[in-house]
There are 2 protein chains.
Amino acid sequence: MLYSDEVNDSTRPARIGFLLAQLGTHAADVFAEQIQPLGITPSDAGVLRIIGRSPGIAQRQLADKLGALPSRVVALIDKLERAGLAERTRSTTDRRAQELNLTDDGRKLLAELRKAAMAQEREVTNGLTDEQRTQLHDLLATMSHLQGLDADVHPGYRG
Amino acid sequence: MLYSDEVNDSTRPARIGFLLAQLGTHAADVFAEQIQPLGITPSDAGVLRIIGRSPGIAQRQLADKLGALPSRVVALIDKLERAGLAERTRSTTDRRAQELNLTDDGRKLLAELRKAAMAQEREVTNGLTDEQRTQLHDLLATMSHLQGLDADVHPGYRG
DNA sequence: TATTGTTATACTCTATAACTATA
DNA sequence: TATAGTTATAGAGTATAACAATA
C-alpha cells in the first residue's frame with residue numbers, strides 16, 4: 001500500500017484531539033437532552049453526583065472538584081436547596097464551613113440520573129460492536145488516567 | 001468468562017459517554033491554552049477554520065455549521081474584521097448575503113492554528129503507543145461518522 | 001411572503017472584588 | 001492573618017424577537 005494516507009486527507013487530518021472535543025460536546029448534548037425531563041441542568045447533575053459520592057463535602061471542596069468559583073457554588077446549592085434536593089448544614093468542627101448532603105428526593109433523582117446516563121451511553125455507542133466498545137472504553141480510561149483527570153468528575157459536564 | 005463485568009465496577013462504571021465528555025473538555029482546554037498567545041479564542045479559531053475551508057461562505061451557512069445563531073455570527077465576524085483576519089463582501093448574486101473570506105493575515109494565523117493543533121495532539125495523546133493512537137483514532141472517527149457529525153466542525157469548540 | 005443580516009434585550013455562566021464570620 | 005461562604009457587579013455566550021434590505 002503505497003499511499004496509506006489516502007484514507008485520510010493529509011491536508012485535513014481528523015485528529016484525536018479534535019474528535020475528542022467534537023464527540024465530547026456531542027455526548028454532553030445527548031446527556032442534556034436525557035435529563036431535561038427531570039428539570040435539572042447538566043451542572044446540577046454534576047453537583048448531585050459529587051455530593052452523592054462525598055456526603056458532607058464542603059462548598060469549597062466542591063468548587064475545587066468542579067473547577068468552579070466559590071460564588072458559583074453558592075448559586076448552584078441555593079438552587080438545589082430550593083428544589084429540595086440538597087441541604088446545607090453548618091459544620092460543628094469548623095463553623096465557617098457548610099456541609100452538603102442530599103435529601104431523600106435528591107437521592108431519588110440521582111437514581112434517575114443514572115438511568116439517563118445509561119440511555120446516553122446506549123445512544124452514543126450505538127452502532128459499535130461490543131469489542132469496539134470495550135476497546136474504546138479501555139483506551140479512554142487509559143487516556144483519562146494519563147492526563148491526570150479525576151475518575152468521577154470533569155469540569156462543568158457541559159454547563 | 002462468567003463475570004465479564006468484573007473488570008468494571010458496576011456501581012461506578014466509568015462509561016464511554018462520561019469519558020468522552022471529560023476528555024473532550026480537557027482536549028478543548030489544552031487547545032485553548034495553545035492558542036492563547038495568538039490572541040484569539042477557540043470560537044474565533046473555529047470560524048477561521050471554516051472560512052478557510054469554505055471561502056465565500058455566507059454568514060447564515062456559517063451559523064448553521066457552528067450551531068450558532070445569526071446574531072452571534074455578526075459579533076464573531078465583527079471581531080475578526082476589526083482584527084484584520086477576515087472580510088465581508090456583499091454577494092453580487094444575492095445582495096442580502098455577505099460573503100466571508102480570510103485576509104492574508106487570516107491565512108497566516110490559520111497556519112499557526114494548525115501548529116497549535118499539532119501541539120495539542122501531542123499533549124493529549126502523550127503516553128499512548130502508536131498502535132493505541134491508531135486504534136483510538138479509528139474508533140473515534142467511526143463513532144463521529146455513526147453519530148452523523150461533521151468531519152470538520154463541532155459546535156463551539158469550547159467557547 | 002420569506003430570508004439575510006442586524007440590533008436590542010434578557011438570561012445564564014464566568015470572573016473579580018469586597019464583605020462577614022469564623023479560624 | 002488567613003479561610004469559608006456570601007454578595008455585588010461586570011463580562012462573555014446564548015436565546016428571542018423585531019427590523020431593514022432584498023429575494
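In what follows, every chain begins at residue 1, and chains take the letters A, B, ... in the order their sequences are listed.
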Rounding to a whole Å, what distance do you find between [X]:[atom1] and [N]:[atom2]?
X: B:I77; N: C:dT4; atom1: CD1; atom2: C1'; answer: 14 Å
X: A:R72; N: C:dT12; atom1: CZ; atom2: C1'; answer: 8 Å
X: A:L69; N: D:dA8; atom1: CG; atom2: P; answer: 17 Å

Could you list the protein-to-nucleotides 2-4 of chain D atom pairs, N/O on both sides, closer than 3.5 Å?
{"residue": "D:dT3", "atom": "O4'", "partner": "A:R96", "partner atom": "NH1", "Å": "3.4"}
{"residue": "D:dT3", "atom": "O2", "partner": "A:R96", "partner atom": "NH1", "Å": "2.8"}
{"residue": "D:dA4", "atom": "OP2", "partner": "A:R60", "partner atom": "NH1", "Å": "3.4"}

Check your understanding: Once you build an axis from the first five pairs and another from the last five of the helix from C:dT1-D:dA23 to C:dA23-D:dT1, how far apart in angle are they, to 10 degrees?
Key ->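 So the angle between the two local helix axes works out to 10°.
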
Check your understanding: Listed in order of residue number, which residues of residues 79-92 of chain A have a non-hydrogen atom at under 4.0 Å from DNA chain D?
Key ->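 Of all residues in residues 79-92 of chain A, the ones placing a heavy atom under 4.0 Å from DNA chain D are A:R88.
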
Practice item. Answer with yes or no whether the side chains of B:Q132 and A:T142 bring together a donor and an acceptor at under 3.5 Å. Key: no

**Study point:** Sidechain-backbone polar pair: A:D138 side chain, A:Q135 backbone, donor-acceptor under 3.5 Å
**Key:**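 The answer is no, because no donor-acceptor pair under 3.5 Å joins these two groups.
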
Review point. Ignoring hydrogens and geometry, is there a side-chain-to-backbone donor-acceptor pair from A:S91 to A:Q98 under 3.5 Å?
Key: no

Point to revise | Base D:dT16 paired with B:S71 side chain (donor-acceptor, <3.5 Å) | key: yes

Point to revise | Lys/Arg N to Asp/Glu carboxylate O, A:R88 vs A:E81, below 4.0 Å | key: yes

Exercise for review: Look at A:D104 together with A:K108 and state whether they make a salt bridge at an N to O cut-off of under 4.0 Å.
Suggested key: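 No, no charged N to carboxylate O under 4.0 Å.
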
